[in-house]
Amino acid sequence: MAERMARRWLISGTVQGVGYRAWMQARALEAGLEGWVRNLEDGRVEAVVCGAGGELDGLLRLCRSGPALARVDGIEESDAEPLPPGAGFGTRPR
């Protein structure tokens, strides 16, 4: 079994009001990842994503473009505490 990892991403650009969170949730669930995503007051989107490294890398690549109306200027990445298995993937309020 692949090692379970967790990453925190801070995504900047035009990422609020364009369906980014719902789009990311769908992509994460398709990849079998767990975690959450939310809008921040400063206009960025924050996500904590847990799963195998290859799937995390794949989602990160997709997140660099995002949904059709998004414009991603950058993604800051850092380690995060893993979530318990079975956490699912959801959106959170600010």
Side-chain angles (χ1 to χ4, degrees):
M1 179 176 224
E3 181 182 350
R4 188 171 163 81
M5 304 164 70
R7 296 285 184 266
R8 178 178 180 245
W9 298 333
L10 293 172
I11 305 156
S12 59
T14 305
V15 291
Q16 290 190 19
V18 295
Y20 198 100
R21 289 177 303 148
W23 173 88
M24 184 177 181
Q25 180 182 24
R27 302 295 84 72
L29 290 170
E30 288 169 1
L33 297 168
E34 297 179 315
W36 52 266
V37 60
R38 68 178 174 181
N39 286 338
L40 297 177
E41 293 290 334
D42 65 6
R44 296 181 296 174
V45 166
E46 176 185 28
V48 171
V49 186
C50 301
E55 283 76 18
L56 287 172
D57 291 344
L59 180 59
L60 181 60
R61 279 192 298 278
L62 292 173
C63 285
R64 292 194 189 284
S65 297
L69 297 176
R71 187 195 80 239
V72 177
D73 292 337
I75 299 178
E76 297 175 42
E77 183 177 20
S78 58
D79 291 334
E81 286 295 316
L83 299 172
F89 197 99
T91 60
R92 289 189 174 177
R94 290 182 190 209

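The first residue of the sequence shown is numbered 1, and numbering continues consecutively from there. Values below: every heavy atom of this structure, side chains too, minus hydrogens, waters and symmetry copies. Because the structure is a prediction, the values reported are computed rather than measured.
- For residues 81-90, the set of pairs meeting the salt bridge (charged side-chain N to carboxylate O under 4.0 Å, His left out) definition, not counting sequence neighbours, is empty.
- Here the side chain of Glu34 pairs a donor or acceptor atom with the backbone of Ala87 at under 3.5 angstrom.
- Apart from Leu83 itself, the hydrophobic cluster it occupies contains Trp36, Val48, where clustering links Ile, Leu, Val, Met, Phe, Trp and Tyr at side-chain heavy-atom distances under 4.5 Å.
- Annotation: side chain of Thr14 is not in contact with side chain of Leu69 (no heavy-atom distance under 4.5 Å).
- For the residue pair Phe89 and Leu33, the shortest heavy atom distance occurs at CB-O, 3.9 Å.
- No side-chain heavy atom of Val37 sits under 4.5 Å from any side-chain heavy atom of Arg92.
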Extract all donor-acceptor atom pairs below 3.5 Å that involve side chains of residues 16-23 and protein atoms in other chains or at least two apart in sequence.
| from | atom 1 | to | atom 2 | distance (Å) |
| --- | --- | --- | --- | --- |
| Gln16 | OE1 | Arg94 | NH2 | 3.1 |
| Gln16 | NE2 | Leu40 | O | 2.8 |
| Gln16 | NE2 | Gly43 | O | 3.4 |
| Gln16 | NE2 | Arg44 | O | 2.8 |
| Tyr20 | OH | Cys63 | O | 2.7 |

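- Scanning for salt bridge (Lys or Arg N to Asp or Glu O under 4.0 Å) contacts around Arg71 gives Asp73, with sequence neighbours left out.
- In this structure Glu46 satisfies the salt bridge (Lys or Arg N to Asp or Glu O under 4.0 Å) test together with Arg8, Arg38, sequence neighbours excluded.
- The side-chain hydrogen bond (donor to acceptor under 3.5 Å, both in side chains) contacts involving residues 57-66 comprise nothing, where partners must be two or more places apart or lie in separate chains.
- Between Leu56 and Trp9, the shortest heavy-atom contact is O-CH2, 3.6 Å.
- Put simply, the side chain of Cys50 reaches to within 4.5 Å of the side chain of Arg4, judged on heavy atoms.
- Counting heavy atoms from C-beta outward, Leu10 and Ile75 have side chains that stay 4.5 Å or more apart.
- Here Glu30 pairs with Arg27 under the side chain to side chain donor-acceptor pair (under 3.5 Å) rule; sequence neighbours left out.
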